[in-house]
**Q** 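Here it is: the structure, laid out below.
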Amino acid sequence: IKAVTHRPTVEAFLDGRRLTALSASADLGIDSVSSQGSVILGAVPSWLTGHGLRGKLVIRMGYDGYTTDVFTGYVEDDGRNYFPFDLEIKGAGPLKQAQWQYPTEVTYASKTDTFMVNDLLDKAGIEDRDINGEGATNLGTLENVVLEAAKAPWELINRLDQLWRYKTFDGPDGVVRRRAISLPSATAAYAYVQGTPSGNNLAILSIKRPRTVRGIHNKVVV
């Protein structure tokens with residue numbers, strides 16, 4: 001039996017300039033709001049002084065010299081505990097920008113979920129993205145969909161994702177929106193509160209829809 005070994009390869013770039021990394025790590029996935037990347041340098045290059053923060057950080061990993069993107073974001077912090085002997089550059093994924101408060105109110109009337117997610121990402125300053133959606137046109141018809149002033153775009157994106165069972169997350173090269181896999185849960189999958197009575201329609205105080213395969217059947221409580 002012949003065993004073939006492969007040499008792990010890692011590459012890191014800051015604003016397109018190669019970094020000599022001792023190690024690198026990337027943490028991404030739909031279980032975290034935004035991804036994280038980290039690069040530890042054995043020596044600090046002279047051009048890095050006063051340059052690193054907010055710079056574009058790309059980490060590539062692979063084998064035998066062949067690599068692919070595993071993290072794309074920006075430098076959020078650097079660890080200088082052992083500076084100048086080594087330096088840890090810490091990066092955050094682009095979706096972190098959608099968690100900052102937006103200064104003014106944003107209102108959507110009869111817009112699709114895809115339009116609203118894309119527009120919210122635009123307002124957060126996120127350009128690299130690949131967004132899927134249902135293309136439903138009834139959102140905001142009865143009542144405008146509003147992002148309140150001083151609220152983060154991520155809050156509305158998350159509510160839209162819950163409604164249409166999507167998940168928006170950081171991918172290796174930008175923000176991605178995909179349909180989420182439904183997992184059993186003992187908690188309510190949806191819980192909404194709706195406004196005042198109109199005509200023959202009674203006011204809905206709350207609606208919950210627990211979804212689980214354990215303990216109870218699907219049911220709706222109004």
**Q** Locate the shortest heavy-atom distance separating S34 from G93; write the atom from each residue and the value.
**A**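 Closest approach of S34 to G93, heavy atoms only: CB-O, 4.3 Å.
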
**Q** Nearest 0.5 Å please: distance from the CG atom of L160 over to the CZ atom of R177.
**A**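 Answer rounded to 0.5 Å: 6.5 Å.
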
**Q** To the nearest 0.5 angstrom, please state how far the CD atom of E11 sits from the OH atom of Y66.
**A**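 Between atom CD of E11 and atom OH of Y66 there are 12.0 Å.
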
**Q** Test V39 against L14 for side chain to side chain contact (heavy atoms under 4.5 Å, CB included), laying out the working first.
**A** CA-CA 10 Å; V39 178; L14 179 58; over 6 Å; no

**Q** Using 0.5 Å steps for rounding, measure from the CD atom of Q36 to the NZ atom of K90.
**A**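 So the gap between those two atoms works out to 9.0 Å.
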
**Q** Evaluate the side chain to side chain contact (heavy atoms under 4.5 Å, CB included) criterion for residues M61 and T67: first the C-alpha distance (whole Å), next the side-chain angles of each, then the deciding distance (0.1 Å), finally the verdict.
**A** CA-CA 5 Å; M61 293 182 182; T67 61; 5.8 Å; no

**Q** Using a side-chain heavy atom cutoff under 4.5 Å and only I, L, V, M, F, W and Y, what cluster partners does W100 have?
**A**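 When side chains under 4.5 Å apart are linked, the cluster holding W100 also contains Y74.
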
**Q** Using a 6.0 Å distance limit plus a 45 degree cone around the ring axis, check whether K111 lies over the aromatic ring of Y108.
**A**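 Pair K111/Y108 does not count as cation-pi.
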
**Q** Do V106 and L156 have side-chain heavy atoms sitting under 4.5 Å apart?
**A**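 In short, these two side chains do not touch, never coming nearer than 4.5 Å.
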
**Q** Might you point out which heavy atoms bring A98 and A124 nearest each other, and give the distance in Å?
**A**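 Scanning both residues completely, I find the closest heavy atoms to be CA-CB, 3.7 Å.
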
**Q** Taking atom CH2 of W154 and atom CG of L120, what is their separation to the nearest 0.5 Å?
**A**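 Here the interatomic distance stands at 11.0 Å.
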
**Q** What residue pairs, at least two apart or across chains, pass salt bridge (Lys or Arg N to Asp or Glu O under 4.0 Å) with a residue in residues 61-75?
**A**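 Found R60-D69.
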
**Q** Any idea which heavy atoms bring P103 and A149 closest together, and the distance?
**A**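 It is O-CB, 3.7 Å.
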
**Q** Quickly, which of D130, I157, L121 forms a side-chain contact (heavy atoms from CB on, under 4.5 Å) with V175? Name it, please.
**A**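 When D130, I157, L121 are each tested with V175, the side-chain contact (heavy atoms from CB on, under 4.5 Å) holds only for L121.
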
**Q** Does any donor atom in the side chain of N132 or R179 lie under 3.5 Å from an acceptor atom in the other side chain?
**A**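 On atom types as modelled, these side chains do not qualify, holding no pair under 3.5 Å.
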
**Q** Name all pairs fulfilling the salt bridge (Lys or Arg N to Asp or Glu O under 4.0 Å) condition that reach into residues 148-158, sequence neighbours left out, sorted by first residue then second.
**A**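 Qualifying pairs, neighbours excluded: none.
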
**Q** Using side-chain hydrogen bond (donor to acceptor under 3.5 Å, both in side chains) as the criterion, list what pairs up with E76, not counting sequence neighbours.
**A**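 With neighbours one apart ignored, the set is K96.
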
**Q** Starting at CG of N118, measure out to CG of D113 and round the result to the nearest 0.5 Å.
**A**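 Spacing of CG (N118) from CG (D113) equals 9.5 Å.
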
**Q** With T168, which residues qualify under side-chain hydrogen bond (donor to acceptor under 3.5 Å, both in side chains), at least two apart?
**A**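 Testing T168 for side-chain hydrogen bond (donor to acceptor under 3.5 Å, both in side chains), a comparison that skips the adjacent residues, returns D161.
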
**Q** Checking D128 now: which residues fulfil side-chain hydrogen bond (donor to acceptor under 3.5 Å, both in side chains) with it, not counting sequence neighbours?
**A**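 Applying side-chain hydrogen bond (donor to acceptor under 3.5 Å, both in side chains) to D128 gives none.
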
**Q** Which heavy atom in W164 sits nearest to a heavy atom in Y166, and how many Å separate them?
**A**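 Minimum heavy-atom separation between W164 and Y166: O-CD1, 3.0 Å.
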
**Q** Of the non-hydrogen atoms in F71 and S35, which two are nearest, and what is the gap between them?
**A**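 Smallest heavy-atom distance, with atoms named: CE1-OG, 3.4 Å.
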
**Q** Going hydrophobic residue to hydrophobic residue with side-chain gaps under 4.5 angstrom, can you get from F13 over to V75?
**A**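 Unlinked, F13 and V75 end up in two clusters.
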
**Q** Distance check, rounded to the nearest 0.5 Å: R129 atom CZ versus D173 atom CG?
**A**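 One finds 13.5 Å between CZ of R129 and CG of D173.
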
**Q** Linking I/L/V/M/F/W/Y whenever their side-chain heavy atoms sit closer than 4.5 Å, directly or via other members, would M116 and L95 fall into one cluster?
**A**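 In one cluster: yes.
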
**Q** If I compare all heavy atoms of V33 with all of Q99, which pair ends up nearest, and what's the gap?
**A**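 In this case the closest contact between V33 and Q99 is CG1-NE2, 3.2 Å.
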
**Q** Between T72 and P172, is there a donor-acceptor pair closer than 3.5 Å when you use the side chain of the first and the backbone of the second?
**A**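 The answer is yes, because a donor-acceptor pair under 3.5 Å joins these two groups.
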
